[in-house]
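Each remark here refers to the structure printed beneath this line.
Everything numeric in this text was worked out from a predicted model, so none of it was measured.
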2 protein chains.
Amino acid sequence: MDKKTIMESARERVIETISHNMYLYGVTPSIGRLYGTLFFNNEPMTLDEMKEELKMSKTSMSTSVRTLTDLNMVEKVWKKGVRKDLYEAKKDWYQIFIDFFSNEWRKVVSLNVKAINQSIRELKTVLEEDLTIDEKETILRDLEKFNYAIEYYKWLNQLFDYFESNQIFDLITKEGKEPY
Amino acid sequence: MDKKTIMESARERVIETISHNMYLYGVTPSIGRLYGTLFFNNEPMTLDEMKEELKMSKTSMSTSVRTLTDLNMVEKVWKKGVRKDLYEAKKDWYQIFIDFFSNEWRKVVSLNVKAINQSIRELKTVLEEDLTIDEKETILRDLEKFNYAIEYYKWLNQLFDYFESNQIFDLITKEGKEPY
DNA sequence: AATTACATACAGAATAAACTGTACGTACAA
DNA sequence: TTGTACGTACAGTTTATTCTGTATGTAATT
């Protein structure tokens with residue numbers, strides 16, 4: 001096997017692995033493959049180049065790039081004289097990991113907390129009324145679960161604060177430097 | 001609105017919210033709804049009870065329960081005299097969160113590390129041969145990226161160790177107690 | 001041993017998600 | 001102002017996932 005082929009396949013192997021494992025970030029293999037391609041490409045790419053490289057439609061490239069941008073995994077870059085949009089992969093994987101929690105998880109936590117608080121209020125109102133022993137018991141147990149959930153979400157948010165503030169890196173040191 | 005309805009809908013709201021947000025753990029709304037139902041049900045449930053409650057097929061209940069079991073979110077319990085399998089929701093959400101990383105993320109990290117190490121070995125072999133300046137440059141930059149990734153995965157594993165060993169709770173205290 | 005009650009494998013149907021091609025709007029170029 | 005190059009909205013198609021019903025195997029019950 002010639003060196004060009006080896007170089008190619010070494011890179012492809014990793015791109016393919018990444019693409020199949022990025023489901024943890026909620027993205028499909030195709031989008032993962034695009035990220036991998038951008039990550040290893042040493043120059044920013046246009047939509048047409050991506051389309052060419054991945055043999056997919058330009059529309060797909062456009063929406064995939066948007067998804068990756070929303071996840072802070074890709075950014076648009078400017079190069080004077082170039083009319084087409086250029087995109088490059090963000091390479092700080094620690095930051096991507098942290099942003100994922102700051103954005104995706106916090107969004108969910110916030111929705112859950114809102115729903116739970118609403119339900120807590122409703123149950124507390126019902127608790128004022130005349131109730132059978134069983135009804136009261138049911139409500140109290142539900143309230144206990146709601147309160148537990150609220151505490152858990154507080155804990156999660158504190159954890160995410162810890163990530164976001166970079167204090168986590170005092171605890172677990174970041175080694176190596178970002179590739180350029 | 002009568003109290004029975006309010007109690008019902010307060011619970012349903014939260015179950016529904018949970019069900020739509022459990023995609024972060026990689027499960028569908030249906031499976032999330034099942035978890036929510038089990039979480040609020042104060043007794044373990046049989047597949048037939050789940051099927052009845054969620055108006056879905058027993059087959060779906062069976063496979064969903066398996067998925068939740070794999071994620072350490074549900075467990076089978078024994079009750080003498082009862083022939084059907086009984087399942088109940090695990091209620092330690094902190095543990096569920098931690099297990100998710102220990103299991104799902106570590107699995108992925110391990111696959112990625114394996115692929116990257118293989119590619120590193122291949123590129124190092126090629127590096128021995130005669131190469132143009134450009135080829136050498138490309139290889140060195142790829143190697144730099146591979147090494148960066150390896151360091152990142154080490155960091156992630158350390159983070160997961162920190163979770164798994166419960167040291168994380170020294171740092172961010174767990175408040176409240178688990179609902180029974 | 002025969003019967004019944006159960007969980008799940010499997011194939012097919014229903015549903016949802018991903019992907020494409022065309023059409024449109026916008027911005028730059030002539 | 002007209003023409004050209006570009007990105008993306010949208011509708012329809014393809015592909016993948018989820019869900020169901022039937023069939024099968026196993027374990028408890030008679």
Side-chain angles (χ1 to χ4, degrees), chain A residues 15-16 18-38 43-71 73-89 104, chain B residues 15-16 18-38 43-71 73-89 104:
Chain A
I15 291 177
E16 213 49 34
I18 287 174
S19 101
H20 283 102
N21 292 141
M22 272 182 55
Y23 71 91
L24 288 174
Y25 286 114
V27 305
T28 60
S30 292
I31 297 181
R33 196 168 297 114
L34 177 59
Y35 176 79
T37 303
L38 287 165
E43 295 297 328
M45 296 175 81
T46 65
L47 293 177
D48 284 310
E49 286 166 348
M50 299 173 204
K51 162 195 151 127
E52 184 56 32
E53 179 72 25
L54 301 181
K55 306 292 180 213
M56 288 181 71
S57 71
K58 196 172 177 179
T59 301
S60 284
M61 297 302 95
S62 178
T63 57
S64 298
V65 159
R66 172 191 281 274
T67 302
L68 289 169
T69 304
D70 291 346
L71 284 166
M73 292 181 182
V74 155
E75 63 188 342
K76 195 186 273 195
V77 295
W78 293 102
K79 205 166 159 186
K80 71 174 175 189
V82 178
R83 226 174 116 180
K84 301 186 181 185
D85 292 353
L86 285 169
Y87 298 93
E88 74 179 10
E104 303 305 308
Chain B
I15 291 176
E16 214 50 33
I18 287 175
S19 100
H20 283 102
N21 292 139
M22 273 183 54
Y23 70 90
L24 289 173
Y25 285 115
V27 305
T28 61
S30 292
I31 296 180
R33 196 167 297 115
L34 177 60
Y35 177 80
T37 302
L38 287 165
E43 294 297 327
M45 296 174 81
T46 63
L47 293 177
D48 285 309
E49 286 166 348
M50 300 175 203
K51 161 196 152 127
E52 184 57 32
E53 179 73 24
L54 301 181
K55 307 290 180 211
M56 289 181 72
S57 71
K58 194 172 178 181
T59 302
S60 285
M61 297 303 95
S62 178
T63 57
S64 298
V65 159
R66 173 191 281 274
T67 302
L68 289 170
T69 304
D70 291 346
L71 284 165
M73 292 180 182
V74 155
E75 62 188 343
K76 196 185 273 195
V77 295
W78 293 101
K79 204 167 159 184
K80 71 173 174 188
V82 178
R83 223 172 119 181
K84 300 185 180 186
D85 291 354
L86 285 168
Y87 298 93
E88 74 179 10
E104 304 303 309

Here the distance between atom C1' of C/dT20 and atom NZ of A/K55, to the nearest Å, is 16 Å

side-chain N/O B/T59 vs C/dA7 OP1/OP2, d < 4.0 Å: no

Out of curiosity, A/E43 CD to A/K79 NZ, how far, rounded to the nearest 0.5 Å? 5.0 Å

Would you mind classifying the nucleic acid contact of A/T28 as base, sugar-phosphate or nothing, using non-hydrogen atoms under 4.0 angstrom? sugar-phosphate

OP1 or OP2 of D/dT18 less than 4.0 angstrom from a side-chain nitrogen or oxygen of B/S60, does that happen here? no

Using OP1 and OP2 only, check whether a side-chain N or O of B/R83 sits under 4.0 Å from D/dT26. no

Whole angstrom value for the distance that separates C1' of C/dC10 from NZ of B/K58: 17 Å

Answer yes or no: is there a side-chain heavy-atom contact under 4.5 Å between A/M50 and A/L38? yes

Assign A/T63 to base, sugar-phosphate, or nothing according to its heavy-atom contacts below 4.0 angstrom with the strands shown. nothing

Starting at CZ of A/R66 and ending at C1' of C/dC19, how long is that distance when rounded to a whole Å? 17 Å

Is a side-chain N or O of B/S62 found less than 3.5 angstrom from the main chain of B/K58, in a donor-acceptor match? no

Please report the distance, rounded to the nearest Å, between CE in B/M50 and P in D/dC19. 15 Å

Any donor-acceptor pair under 3.5 Å from B/S19 side chain to B/E16 backbone: yes

At less than 4.0 Å, is any side-chain N or O atom of A/S57 found next to OP1 or OP2 of C/dG21? Yes or no. no

How close or far is atom P of D/dC19 from atom CE of B/M56, stated in whole angstroms? 4 Å

What's the NZ-C1' distance between A/K84 and D/dT8, to the nearest Å? 15 Å

Give the rounded distance in Å between these two atoms: CE of B/M61 and C1' of D/dG21. 14 Å

Taking atom P of D/dG25 as reference, at what distance in whole Å does atom CG of B/D85 sit? 19 Å

Side chain proximity check, A/E49 to A/K84, heavy atoms < 4.5 angstrom: no

For B/T46, report the nucleic acid contact type (base, sugar-phosphate, nothing); a contact means any heavy atom under 4.0 Å. nothing

